[in-house]
K.L.:
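Take this structure, written in structure tokens, and hold onto it; I'll ask about it next.
Naming: A, B, ... by sequence-line order, numbering from 1 per chain.
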Amino acid sequence: MSEWLSEHQPDVVLIQETKQRDATFPFADLERRGYESAHHGQGQWNGVAIVSRVGLVDVQRGLDGDDEARFIAATCDGLRVYSCYVPNGRALDDPHYAYKLRWLASLGLMLRERDQDQPLVVGGDFNVTRSDLDVYDPTAFVGATHVSPPERSALEALLDTGLVDLGRTWHPDEPAFTWWDYRNGSFRRGWGLRIDYLLADERTAQRVREVSVDRDARKGEKPSDHAPVVADIDW
DNA sequence: ATGTCCCAACTTTTGGGA
């Protein structure tokens, strides 16, 4: 993480699956590097954070009615940012899948009720593909989560509140995968999914210069199974 | 198509979650 910060010099970072309590989050290390942090931790699972070197105020932890650490919001230099870790769902007949749909609906309600004049970037691990272009082999996902119509509709409903999918807008024809399973040599074989998004309001989207997926971060020693989605915004 | 990784625990192996 700190190597990645040094190399890329981001102003704001949205992190998911920190998998720790607030007490162990490296606030001090990040501060030495010039970054303020807000963390909403839980323990072994979940955990979300926002790290910023351009200010960090008005922190909101948790989604209304949710008791898991999957949402944190803050304002960084006038830009409102959400860091979201959408429930995985596990299987279509698992209670966790119903929880996933409820969670997405709850985020959708919050987005519908927001101040539309407030510049906003909603980012994170959504655990949903928007379309089959986001899936390395749709036949391998028949009957699985991450591709089902209810999830995709729920994701589309978020965009319908006036948000732009920056990754797909800047890369309309290539998969731009963001996640590869640790198993099966999936990364080497190109078996990925695009499930991580940066969604911006239309005015902010117009100020975006470049969007990329940092695939290099998926290589090397003990990588995350996700690669960061990076947006360069002319702020 | 299920080959990894990590963590917790009634811990030295197993189960669960991603």
K.L.:
Are Asp58(A) and Arg80(A) ion-paired here, with the side-chain N under 4.0 Å from a carboxylate O?
P.N.:
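Here Asp58(A) does not pair with Arg80(A) in a salt bridge, since their nearest N and O are not under 4.0 Å apart.
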
K.L.:
Checking contacts here: which listed nucleotide (dC6(B), dA8(B), dA18(B)) is nearest the side-chain heavy atoms of Lys222(A)?
P.N.:
dC6(B)

K.L.:
Inspect the contact between Asp181(A) and Arg183(A) and indicate whether a charged nitrogen and a carboxylate oxygen are less than 4.0 angstrom apart.
P.N.:
yes

K.L.:
Identify whether any heavy atom of Tyr136(A) sits under 4.0 Å from a base atom; if not, whether one sits that close to sugar-phosphate; answer base, sugar-phosphate or nothing.
P.N.:
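Result for Tyr136(A) = base.
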
K.L.:
Just compare dT2(B), dG17(B), dT4(B) and give me whichever is closest to any side-chain atom of Trp45(A).
P.N.:
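For Trp45(A), the side-chain atoms sit closest to dG17(B).
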
K.L.:
Taking any heavy-atom pair under 4.0 Å as a contact, classify Asp225(A): base, sugar-phosphate, or nothing.
P.N.:
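Here Asp225(A) touches no strand at all.
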
K.L.:
Grab the CG-P distance between Leu193(A) and dT2(B) for me, whole Å please.
P.N.:
16 Å

K.L.:
Of all the nucleotides listed (dA18(B), dG3(B), dT4(B)), which has the minimum atom distance to the side chain of Tyr182(A)?
P.N.:
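Of the candidates, dT4(B) comes closest.
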
K.L.:
Taking for each residue the nucleotide of DNA chain B with the nearest heavy atom, is it Tyr85(A) or Gly185(A) whose nucleotide lies nearer the 5' end?
P.N.:
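Comparing both residues, the 5'-ward one is Gly185(A).
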
K.L.:
Taking atom types as they are modelled, would you say the side chain of Arg189(A) forms a donor-acceptor pair with the base of dG3(B) within the 3.5 Å cutoff?
P.N.:
yes

K.L.:
Considering only NZ, NE, NH1 and NH2 on the basic side and carboxylate oxygens on the acidic side, decide whether Asp11(A) and Arg53(A) come within less than 4.0 Å.
P.N.:
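Between Arg53(A) and Asp11(A) there is a salt bridge, with a charged N closer than 4.0 Å to a carboxylate O.
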
K.L.:
Please give, in whole Å, the distance from dC7(B) P to Gln42(A) CD?
P.N.:
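Interatomic distance, CD of Gln42(A) to P of dC7(B): 16 Å.
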
K.L.:
Please state the P separation for the pair dT2(B) and dC6(B) - nearest whole angstrom.
P.N.:
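Result for the P pair: 22 Å, nearest Å.
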
K.L.:
Would you say dA18(B) has OP1 or OP2 under 4.0 Å from some side-chain N or O of Arg90(A)?
P.N.:
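For dA18(B), OP1/OP2 do have a side-chain N/O of Arg90(A) under 4.0 Å.
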
K.L.:
Figure out the CD/P separation between Gln44(A) and dC5(B), and round it to whole Å.
P.N.:
17 Å

K.L.:
Tell me the interatomic distance from Asp125(A), atom CG, to dA18(B), atom P, rounded to whole angstroms.
P.N.:
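Asp125(A) atom CG is separated from dA18(B) atom P by 10 Å.
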
K.L.:
Out of curiosity, Cys84(A) SG to Asp196(A) CG, how far, rounded to the nearest 0.5 Å?
P.N.:
11.5 Å

K.L.:
Roughly how many Å apart are dG16(B) and dC10(B), using the P atom of each and rounding to a whole number?
P.N.:
14 Å

K.L.:
Measure CD/Gln20(A) against P/dC6(B) and give the value in whole Å, please.
P.N.:
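Taking atom P of dC6(B) as the reference, CD of Gln20(A) is at 15 Å.
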
K.L.:
Given atom CG of Asp181(A) and atom C1' of dT2(B), what is their separation to the nearest angstrom?
P.N.:
7 Å

